[in-house]
Amino acid sequence: MKFGICIGMDSEKIRALKKYGYDYAESSFSAIAKATDEEFEKFRTALETEGLKAECANGFLPGELRVTGNSVNNEALASFMKEFEKKNG
């Protein structure tokens with residue numbers, strides 16, 4: 001069994017995960033997609049440095065991106081997904 005914990009994209013918490021014996025970090029899809037390239041690189045580097053992976057993520061879409069009802073913005077959804085794909089290939 002592996003143990004992980006949700007830390008968002010907090011690079012400081014990654015060091016604590018390793019220190020306390022966690023096996024992986026959980027992040028947020030929406031935080032990753034919204035992160036600047038610099039923020040994402042800091043997060044990715046911290047994981048790599050500590051020998052951890054972000055094996056799962058939560059919060060696939062931010063609340064402002066609706067997928068039902070009259071206010072669905074397909075262009076915004078597509079843009080969001082492209083940003084996430086760019087960072088996570």
Side-chain angles (χ1 to χ4, degrees):
M1 179 180 290
K2 290 183 175 183
F3 290 95
I5 192 167
C6 184
I7 60 161
M9 288 188 59
D10 189 330
S11 299
E12 293 300 315
K13 289 181 181 175
I14 292 170
R15 289 189 248 315
L17 289 182
K18 185 69 171 186
K19 177 180 174 183
Y20 294 113
Y22 285 93
D23 301 300
Y24 66 92
E26 179 179 344
S27 188
S28 160
F29 282 108
S30 58
I32 291 169
K34 289 179 176 181
T36 65
D37 290 344
E38 294 80 20
E39 290 168 335
F40 180 73
E41 186 59 25
K42 181 179 177 184
F43 177 67
R44 190 197 63 73
T45 300
L47 286 169
E48 188 175 280
T49 298
E50 297 300 330
L52 295 171
K53 292 183 178 182
E55 293 190 7
C56 57
N58 62 46
F60 184 61
L61 293 172
E64 67 269 11
L65 286 179
R66 298 293 193 199
V67 294
T68 60
N70 295 329
S71 60
V72 174
N73 183 335
N74 289 323
E75 289 178 20
L77 287 165
S79 176
F80 174 85
M81 289 306 302
K82 286 178 185 172
E83 279 301 308
F84 183 78
E85 259 186 290
K86 183 173 76 173
K87 294 177 177 127
N88 293 283

Check your understanding: Are Lys42 and Glu39 ion-paired here, with the side-chain N under 4.0 Å from a carboxylate O?
Key -> no
**Study point:** Spacing of OG1 belonging to Thr49 relative to CZ belonging to Arg44, to within rounding of 0.5 Å
**Key:** 8.5 Å
Check your understanding: If you round to the nearest 0.5 Å, how far is CD1 of Ile7 from CG of Leu47?
Key -> 6.5 Å
Review point. Sub-3.5 Å donor-acceptor pair from the side chain of Ser79 to the main-chain atoms of Glu75, do we have one?
Key: no
**Study point:** Intermediate values then yes/no, salt bridge (charged side-chain N to carboxylate O under 4.0 Å, His left out), Glu85 and Lys82
**Key:** CA-CA 5 Å; Glu85 259 186 290; Lys82 286 178 185 172; over 6 Å; no
Point to revise | Shortest non-hydrogen separation from Met81 to Phe60 and the atoms involved | key: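 Nearest heavy atoms, Met81 then Phe60: SD-CZ, 3.5 Å.
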Review point. What pair of heavy atoms forms the shortest contact from Ile14 to Glu50, and how long is it?
Key: CG2-CG, 3.8 Å
Indicate every side-chain donor-acceptor pair of residues 23-35 with a distance under 3.5 Å to a residue at least two apart or in another chain.
{"residue": "Asp23", "atom": "OD2", "partner": "Phe3", "partner atom": "N", "Å": "2.7"}
{"residue": "Glu26", "atom": "OE2", "partner": "Asn58", "partner atom": "ND2", "Å": "3.0"}
{"residue": "Ser27", "atom": "OG", "partner": "Gly8", "partner atom": "O", "Å": "2.8"}
{"residue": "Ser28", "atom": "OG", "partner": "Ser30", "partner atom": "N", "Å": "3.4"}
{"residue": "Ser28", "atom": "OG", "partner": "Ser30", "partner atom": "OG", "Å": "3.1"}
{"residue": "Ser28", "atom": "OG", "partner": "Ala31", "partner atom": "N", "Å": "3.2"}
{"residue": "Ser30", "atom": "OG", "partner": "Gly59", "partner atom": "O", "Å": "3.4"}
{"residue": "Lys34", "atom": "NZ", "partner": "Glu64", "partner atom": "OE2", "Å": "3.1"}

**Study point:** Within-4.5 Å side-chain heavy-atom neighbours: Leu61 and Phe80
**Key:** yes
